[in-house]
Amino acid sequence: MNCYKLKLATFGILLSILAFPSCENCREKEELSDINMPIIQTKFTADPAPVVHDGVVYLFTTHDEDGAQGFLMKDWLLYTSTDMVNWQDHGAVASLRDFSWYKGNNGAWAEQVIERNGKWYMYCPIHGNGIGVLVADSPYGPYIDPLGKPLIWQKEHWDDIDPTILIDDDGQAYMYWGNPNVYYVKLNEDMISYSGEIVKLPRIEDYQEGPWIWKRESKYYLAFASTCCPEGIGYAMSDSPTGPWTHMGHIMDHTVRTRGNHPGIIEYKGKYYCFGLNYDIFSLSTSRHAEQRSVSAAEMTFNPDGTIVELPYFHECKLEQVEPFNPYRKVEAETMAWGYGLKTSEFNTTGPKRPTPFVTGIDEGEYIMIKGVDFAAGAKSFSASAASHLWGGSIEVRIDAVDGKLLGKVRVPATRDEYQTLSCPLKKVSGIHDLYFVFRGTSRQSCNLFNFDWWQMEALN
């Protein structure tokens with residue numbers, strides 16, 4: 001059995017089990033597009049930290065290293081989107097190596113990033129070594145350590161993880177954190193120092209870890225991973241950023257379908273979204289457990305009294321596209337709504353590091369799907385930058401399904417790892433469609449066909 005058939009066989013067997021464990025055969029034929037699966041499939045991501053800035057969602061995540069059994073986390077990743085369903089991978093924007101005072105090679109736990117006065121501040125817990133802070137002029141970095149030491153480190157315990165930041169309406173900034181207790185301090189305007197004492201909050205019912213703070217209207221909300229195990233997403237409310245906090249129930253109840261969780265909440269284009277984590281992508285390929293997690297997201301709504309409408313598990317939630325995707329620009333290939341089985345990397349097989357990630361691990365029959373692409377009056381050509389070490393393959397441009405209408409096909413020859421721009425004409429298509437890039441091999445090669453860097457379409461005049 002070749003690599004493509006093996007992946008798809010495993011995927012097909014486990015999809016119905018994973019997505020609908022309480023119903024044996026009633027929805028086995030459900031299309032994948034009807035299931036709200038994790039939004040990132042090319043890497044294992046966890047601890048979502050979304051932030052909205054200038055109309056873009058910047059999603060920072062932690063990163064579970066491939067093949068690890070326990071937690072093996074060395075860097076922090078960044079993804080961006082303007083439509084909530086198609087996400088571009090920007091690779092690792094910071095890592096443990098950015099903290100010169102930490103000599104270990106593991107422990108890059110759940111961060112949060114916030115912008116203030118043109119600077120970007122990343123608050124990074126390093127398990128067992130407190131919480132550090134990095135600063136950059138851009139969300140993409142480079143991030144530097146302005147302190148040369150932890151911002152917070154209570155050495156008598158290991159509670160100092162999972163920071164979350166609130167800048168209140170009066171300009172006062174707060175940092176909250178902790179497992180199994182919640183602490184907070186008042187940050188100074190420089191965002192890298194604090195005033196006053198560390199305050200330990202009274203115990204919040206069902207709280208475990210991963211706090212996430214925000215304000216809506218006149219109310220303060222503190223979401224969190226609820227008591228392990230398995231963890232859900234709970235929340236508390238208050239009339240003040242310093243409490244007292246009243247436990248209000250669940251945003252998403254405890255479920256055996258995920259052992260852990262970590263919420264991230266944003267408002268974007270008039271809607272609220274709850275991000276969390278699960279093991280759904282890893283579970284597509286095995287029934288064993290390992291710390292190989294994935295980020296999911298769902299739309300979140302409120303009752304008239306300000307309480308949150310409880311969500312079902314992510315698979316049954318909504319995540320709708322908020323604007324169409326524009327194909328008439330240079331698009332990085334690592335931008336996608338779905339790319340199961342593919343990987344992204346910044347390192348060629350034999351060549352140097354590239355300035356941006358690219359798609360790799362491409363096998364026969366795998367595909368990238370971009371949701372809601374607006375072709376407007378039509379596209380006349382397609383160009384792609386790709387490189388192949390051996391025999392190459394081809395990219396089929398299709399719409400609406402993997403076996404949907406074929407618009408064009410680009411042949412990727414053997415380039416000896418040199419990237420080339422390859423083009424083909426396209427059959428006329430107009431309006432909004434899901435776009436599929438389906439990858440095909442050759443008679444000599446069906447696995448690791450080529451690397452895919454970027455693509456662009458040219459509109460009809």
Side-chain angles (χ1 to χ4, degrees), residues 39-43 54-59 77-91 93 139-140 321-346 348 354-362 366-388 393-402 404-412 419-439 449-460:
I39 58 177
I40 309 297
Q41 310 92 37
T42 54
K43 294 175 184 172
D54 287 345
V56 177
V57 179
Y58 294 89
L59 174 61
L77 311 181
L78 173 60
Y79 299 84
T80 58
S81 180
T82 59
D83 62 18
M84 288 300 298
V85 295
N86 297 298
W87 294 89
Q88 180 180 343
D89 183 350
H90 297 274
V93 293
Y140 308 104
Q321 190 166 357
V322 298
E323 68 178 26
F325 190 93
N326 173 21
Y328 300 120
R329 57 193 169 95
K330 184 178 178 181
V331 180
E332 296 297 327
E334 61 277 8
T335 305
M336 63 189 77
W338 186 256
Y340 177 74
L342 303 171
K343 294 295 180 184
T344 57
S345 176
E346 298 171 60
N348 288 319
R354 293 183 64 77
T356 60
F358 55 89
V359 177
T360 188
I362 296 172
E366 292 179 337
Y367 62 91
I368 288 172
M369 187 264 278
I370 301 100
K371 283 188 178 180
V373 175
D374 187 0
F375 290 91
K380 66 179 181 181
S381 66
F382 169 75
S383 298
S385 175
S388 172
S394 59
I395 304 172
E396 296 178 348
V397 182
R398 296 181 178 269
I399 56 171
D400 301 326
V402 176
K405 180 180 178 181
L406 179 65
L407 301 183
K409 186 174 182 177
V410 167
R411 169 84 177 106
V412 181
Y419 279 82
Q420 295 183 6
T421 300
L422 311 159
S423 301
C424 71
L426 294 177
K427 294 179 181 178
K428 186 174 181 180
V429 60
S430 61
I432 297 176
H433 301 266
D434 291 342
L435 175 63
Y436 289 75
F437 298 133
V438 183
F439 305 116
L449 302 176
F450 49 82
N451 295 332
F452 185 16
D453 192 13
W454 56 263
W455 62 272
Q456 186 168 8
M457 290 184 179
E458 185 179 1
L460 291 169

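What you see is a predicted model; the values in this text were computed from it and never measured. Sequence positions, counted from 1, serve as the residue numbers for this chain.
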Can you name the nearest heavy-atom pair linking [X] to [Y], along with the distance?
X	Y	result
A386	V412	CB-CG1, 4.0 Å
M336	V359	CE-CG2, 4.1 Å
W87	I40	CB-CD1, 4.0 Å
P357	G91	CG-N, 3.6 Å
A333	I368	O-CD1, 3.5 Å
L78	P139	CD2-O, 3.6 Å

inquiry  = If the test is side chain to side chain donor-acceptor pair (under 3.5 Å), which one of T42, T344, N451 qualifies with T360?
reply    = N451
With sequence neighbours excluded, what pairs up with [X] under the salt bridge (Lys or Arg N to Asp or Glu O under 4.0 Å) test?
X	value
K428	none
K405	none
E332	none

Spell out, as yes or no, whether a donor-acceptor pair under 3.5 Å connects the side chain of [X] to the backbone of [Y].
X	Y	result
D434	G372	yes
Q88	T80	no
R398	L435	no

message = So, using side chain to side chain contact (heavy atoms under 4.5 Å, CB included) as the criterion, who are the partners of P324 when residues are at least two apart?
response = D374, I432
Qualifying residues under side chain to side chain contact (heavy atoms under 4.5 Å, CB included), relative to E458, sequence neighbours excluded = K380, S381
To the nearest 0.5 Å, what is the distance between [atom1] ([X]) and [atom2] ([Y])?
X	Y	atom1	atom2	result
D453	T421	CG	OG1	9.0 Å
W454	S385	CH2	OG	5.5 Å
Y419	F452	OH	CZ	10.5 Å
F375	L460	CZ	CG	11.5 Å
Y79	E334	OH	CD	10.0 Å
L59	D89	CG	CG	10.5 Å

query = Around K409, counting heavy atoms of other residues, nucleotides and ligands shown, do more than 12 lie under 6.0 Å from its NZ?
reply = no
task = Show your reasoning for whether side-chain contact (heavy atoms from CB on, under 4.5 Å) applies to I395 and W455.
result = CA-CA 11 Å; I395 304 172; W455 62 272; over 6 Å; no
Once side chain to side chain donor-acceptor pair (under 3.5 Å) is applied, do any residues pair with [X], and if so which ones, sequence neighbours excluded?
X	answer
T82	E323
S383	S423
D400	H433
S394	none

task = Would you check, one step at a time, whether the test side chain to side chain donor-acceptor pair (under 3.5 Å) holds for T335 with N86?
result = CA-CA 6 Å; T335 305; N86 297 298; over 6 Å; no
key: Close side-chain approach of F325 to K371, heavy-atom, < 4.5 Å   = no
request  = Flag the pair R329 / V331 as yes when at least one side-chain heavy-atom distance between them is below 4.5 Å, and no otherwise.
outcome  = yes
Check ring pair (Phe, Tyr, Trp, His ring centres under 6.0 Å) between [X] and all other residues, then give those that pass, not counting sequence neighbours.
X	value
F450	F439
F382	F437
Y140	Y58, H90

task = May I have the step-by-step check of side-chain contact (heavy atoms from CB on, under 4.5 Å) for V85 and I39, ending in yes or no?
result = CA-CA 7 Å; V85 295; I39 58 177; over 6 Å; no
